[in-house]
There are 2 protein chains.
Amino acid sequence: MPKISDKQRESRRQQILEAALACFAEDGFHQTGMADIVKRSGLSHGAVYLYFQSKDDLIEALADDRHRREGVLNSVAQGSGDPIEGLHALVRVYAQWLTDPAGEARRRVGIHGWAEALRNRRVRNSVVEGIDMPRALIVALVERGQHDGLIKRDLGAEAIARVLIAIFQGFVLQKCWGEDIDVEACMAAVAVVIEGFRTAKPDVRRRARM
Amino acid sequence: MPKISDKQRESRRQQILEAALACFAEDGFHQTGMADIVKRSGLSHGAVYLYFQSKDDLIEALADDRHRREGVLNSVAQGSGDPIEGLHALVRVYAQWLTDPAGEARRRVGIHGWAEALRNRRVRNSVVEGIDMPRALIVALVERGQHDGLIKRDLGAEAIARVLIAIFQGFVLQKCWGEDIDVEACMAAVAVVIEGFRTAKPDVRRRARM
DNA sequence: AAAAAGTGACTGACTGGTCGTTTTTTATTT
DNA sequence: AAATAAAAAACGACCAGTCAGTCACTTTTT
């Protein structure tokens with residue numbers, strides 16, 4: 001005779017996660033006390049421990065949000081047949097994600113997670129796996145572009161992917177520090193960066209498929 | 001009748017700072033206890049407090065290392081008359097700094113500082129001011145390049161600077177997480193990025209000075 | 001001898017986590 | 001439909017351990 005339905009259980013879980021997200025975003029993992037999370041969640045101390053074994057459990061559950069965007073990115077990248085257009089599309093999605101006010105807390109927690117990844121192996125794995133997906137996506141696009149003669153062949157696809165991801169990460173940092181950034185202008189610069197990877201004169205020997 | 005010379009005093013201070021750097025690099029600011037720093041420094045608990053008022057004092061003293069490279073960057077950027085060559089030179093210096101094993105601890109502490117900047121105003125100011133200097137340097141180079149017709153004029157110099165800095169920051173993260181990165185290949189990609197900012201056909205109306 | 005430098009046991013506040021108790025919900029019986 | 005029983009869910013006072021920081025004292029140097 002269980003008391004609450006699975007739906008209610010999941011809702012309570014989310015309630016705690018949301019409280020923890022807000023607290024961690026404000027003060028980081030280690031400066032946030034369980035008491036803070038308890039207070040913010042509106043539940044009691046003991047109730048929280050019914051849903052999460054420990055504070056570390058909560059941290060691991062929040063350190064990484066890759067599960068949210070997996071599908072979106074994939075479809076965006078594949079949307080157009082043109083690999084370079086795919087890269088541009090990824091940048092557009094990213095720019096939107098970067099400027100969404102509702103995502104502020106997640107971005108901040110993400111940064112705390114980046115630091116925590118340096119000392120917590122599980123968080124590190126979570127973070128690294130989280131960037132593996134978009135990286136693989138970019139690598140695939142670039143390799144296709146290189147095969148089609150659209151992207152310079154003397155550059156490593158992996159290297160290009162890491163550069164793009166580094167740009168994303170850096171902008172999250174700069175944005176979260178509250179610097180006033182002209183996102184439009186910056187994304188225009190990133191677009192130029194991508195165009196810089198394009199072959200000067202398209203290799204006609206093996207041309208694109210469409 | 002003071003007991004130790006200024007030189008000795010400074011040396012003791014460094015001794016503590018080095019111990020704190022190593023500890024913070026390993027475990028972050030908040031998971032490192034004063035006891036850890038005390039033990040590692042070889043001094044006593046009380047002695048540390050003779051040199052630093054509080055743990056926060058130590059954090060602020062270490063959160064940012066801008067004072068170390070101020071001179072170097074400036075001379076490197078100005079070394080050649082060509083602004084674009086100046087950007088390439090900056091990237092080379094940065095690549096060297098990124099791969100220097102002796103700098104590992106500083107890079108890691110830097111990342112912890114990036115997270116701490118989200119909640120500690122003084123650390124934030126320190127971090128932001130720390131990137132202001134190289135940013136101003138890049139902006140100056142780019143604006144000169146644009147004036148000389150070497151760099152695309154439809155891009156904001158600020159935006160380009162922020163993109164390059166974001167790349168730097170992102171690579172620090174990825175490197176410190178222990179991913180095996182082909183730094184050579186990545187820096188080659190960054191070089192291509194910089195070349196991408198160059199005007200396709202040099203603007204002949206106002207050509208460079210040399 | 002005098003004063004700074006250095007020591008380390010100690011403290012009070014706070015931490016994450018537990019557990020005996022109370023409340024709420026549902027299944028069953030009346 | 002009302003009463004009952006039982007178990008899950010929620011509560012919050014409590015605990016052992018840890019923390020940053022202090023201070024009465026000893027050592028070292030001039």
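Model, not experiment: these values are computed from the prediction. Residue numbers begin at 1 in each chain, while the letters A, B, ... track the order of the sequences.
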Pairing of A:E85 and A:R92 as salt bridge, 4.0 angstrom limit: yes
Close side-chain approach of A:Y94 to A:M187, heavy-atom, < 4.5 Å: yes
With sequence neighbours excluded, residues passing side-chain hydrogen bond (donor to acceptor under 3.5 Å, both in side chains) with A:H45: none
B:T199 side chain to B:K152 backbone, donor-acceptor under 3.5 Å: no
Exceeds 12 heavy-atom contacts within 6.0 angstrom, atom CG of A:D180: no
base_contact_polar (C:dG16 base, A:H45 side chain, donor-acceptor, <3.5 Å): no
Neighbour count >12 (heavy atoms, 6.0 Å) for atom CD, B:E195: yes
N or O in side chain of A:R9 less than 4.0 angstrom from D:dA9 OP1/OP2: yes
Set of residues satisfying salt bridge (charged side-chain N to carboxylate O under 4.0 Å, His left out) with respect to A:R122, sequence neighbours excluded: A:E60
Salt-bridge criterion met for B:K7 and B:E10 (N-O under 4.0 Å): no
Any donor-acceptor N/O pair, A:D36 side chain to A:G33 backbone, under 3.5 Å: yes
Spacing of A:I16 atom CD1 relative to D:dA9 atom C1', expressed in whole Å: 11 Å
Distance in angstrom units between B:R13 CZ and C:dG6 P, rounded: 14 Å
Atom pair distance, as rounded to whole Å: CG in A:L43 and P in C:dT24: 14 Å
N/O (side chain, A:S44) to phosphate O (OP1/OP2, D:dC11) under 4.0 Å: yes
Proximity to DNA chain C (any heavy atom under 4.0 Å), residues of residues 26-42 of chain A only: A:T32, A:G33, A:M34
Donor-acceptor under 3.5 Å (B:R40 side chain, B:A22 main chain): no
Terminal axis angle for the helix from C:dA1-D:dT30 to C:dT30-D:dA1, five pairs an end, nearest 10 degrees: 10°
Stretch residues 47-57 of chain A: residues that reach within less than 4.0 Å of DNA chain C through a heavy atom: A:Y49, A:S54, A:K55
Let me check something: any side-chain donor-acceptor pairs from residues 172-179 of chain B under 3.5 Å, sequence neighbours excluded? List them with distances.
{"unit_1": "B:Q174", "atom_1": "OE1", "unit_2": "A:R162", "atom_2": "NH1", "d": "2.8"}
{"unit_1": "B:Q174", "atom_1": "NE2", "unit_2": "A:R162", "atom_2": "O", "d": "3.4"}
{"unit_1": "B:Q174", "atom_1": "NE2", "unit_2": "A:Q169", "atom_2": "OE1", "d": "3.2"}
{"unit_1": "B:W177", "atom_1": "NE1", "unit_2": "A:W114", "atom_2": "O", "d": "3.2"}
{"unit_1": "B:E179", "atom_1": "OE1", "unit_2": "A:R135", "atom_2": "NH1", "d": "3.4"}
{"unit_1": "B:E179", "atom_1": "OE1", "unit_2": "A:R162", "atom_2": "NH2", "d": "3.4"}

